[in-house]
Amino acid sequence: MSLAQTVYCRNHGFDPQSPLCVHIMMSGTVTKVNKTEEDYARDSLFVRHPEMKHWPSSHNWFFAKLKISRIWVLDYFGGPKVVTPEEYFNVTLQ
């Protein structure tokens, strides 16, 4: 994910590939959601991508989630910072 997906980098004159245009890279295991998670996953996806409601079911697509094991934050020069999922999700925004 990158701030280049928003207007932030363009508004600040940052090249989308510049470390100043923050990038978050996540890796982990992708698994199918279970039945109790499926409604939430469907609603969340279709709110952002309503056209997907009409994709053919014959394509056999399914809802999945990423169990994050590693996160890299590239927000300045000198390489990415490695943070744990716990650190990432416990950040307090100012």
Side-chain angles (χ1 to χ4, degrees):
M1 297 178 281
S2 168
L3 279 180
Q5 296 169 285
T6 69
V7 298
Y8 180 86
C9 297
R10 182 177 45 221
N11 288 349
H12 286 81
F14 297 153
D15 182 297
Q17 295 303 313
S18 167
L20 299 175
C21 186
V22 179
H23 295 71
I24 305 289
M25 296 153 276
M26 299 179 181
S27 67
T29 305
V30 175
T31 59
K32 262 184 163 177
V33 298
N34 63 41
K35 291 294 179 192
T36 58
E37 299 168 312
E38 193 169 322
D39 287 340
Y40 179 78
R42 178 185 298 106
D43 293 344
S44 298
L45 181 65
F46 291 166
V47 161
R48 292 178 185 233
H49 306 283
E51 69 281 359
M52 291 181 74
K53 291 179 191 178
H54 309 291
W55 283 11
S57 60
S58 62
H59 288 195
N60 296 319
W61 57 282
F62 57 90
F63 297 99
K65 61 184 175 182
L66 175 65
K67 180 170 177 21
I68 301 167
S69 59
R70 295 186 186 252
I71 301 172
W72 297 269
V73 179
L74 182 60
D75 62 350
Y76 202 71
F77 298 94
K81 295 165 188 71
V82 179
V83 297
T84 66
E86 293 78 24
E87 291 170 322
Y88 182 81
F89 289 113
N90 286 317
V91 164
T92 302
L93 300 176
Q94 298 178 4

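Just so you know, these numbers come straight off a predicted model, no measurement behind them.
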Using the disulfide (SG to SG under 2.5 Å) rule, collect all pairs that involve residues 30-94, keeping only residues at least two apart or in two chains.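 Sorted result for residues 30-94: empty, none.
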
Please identify each residue that fulfils ring pair (Phe, Tyr, Trp, His ring centres under 6.0 Å) with Tyr40, with sequence neighbours left out.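 With neighbours one apart ignored, the set is empty.
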
For the student: nearest non-hydrogen atoms of Pro16 and Ala4, plus distance: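 Taking Pro16 first and Ala4 second, the nearest heavy atoms are CB-CB, 3.8 Å.
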
Suppose clustering is done on Ile, Leu, Val, Met, Phe, Trp and Tyr with side-chain heavy atoms closer than 4.5 Å. Which residues sit in the same group as Val91?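 Val91 clusters with Leu93.
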
Determine all donor-acceptor pairs shorter than 3.5 Å in which one atom belongs to a side chain in residues 75-83; sequence neighbours excluded.
unit_1 : atom_1 : unit_2 : atom_2 : d
Asp75  : OD1    : Lys81  : NZ     : 2.5

Got a second to check how far His12's NE2 is from Ser18's OG, nearest 0.5 Å?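 That separation rounds to 12.5 Å.
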
With rounding to the nearest 0.5 angstrom, report the SG to CG distance, Cys9 to Leu3.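 If I round to the nearest 0.5 Å, the distance is 5.0 Å.
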
Please name all residues satisfying side chain to side chain contact (heavy atoms under 4.5 Å, CB included) with Thr84, sequence neighbours left out, ordered by chain then number.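 Residues passing side chain to side chain contact (heavy atoms under 4.5 Å, CB included) with Thr84: Glu86, Glu87.
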
Side-chain atoms of residues 45-74: list all donor-acceptor pairs with protein atoms under 3.5 Å, sequence neighbours left out, distances to 0.1 Å.
unit_1 : atom_1 : unit_2 : atom_2 : d
Lys65  : NZ     : Glu37  : OE1    : 3.2
Lys65  : NZ     : Glu37  : OE2    : 2.7
Ser69  : OG     : Ser27  : O      : 3.3

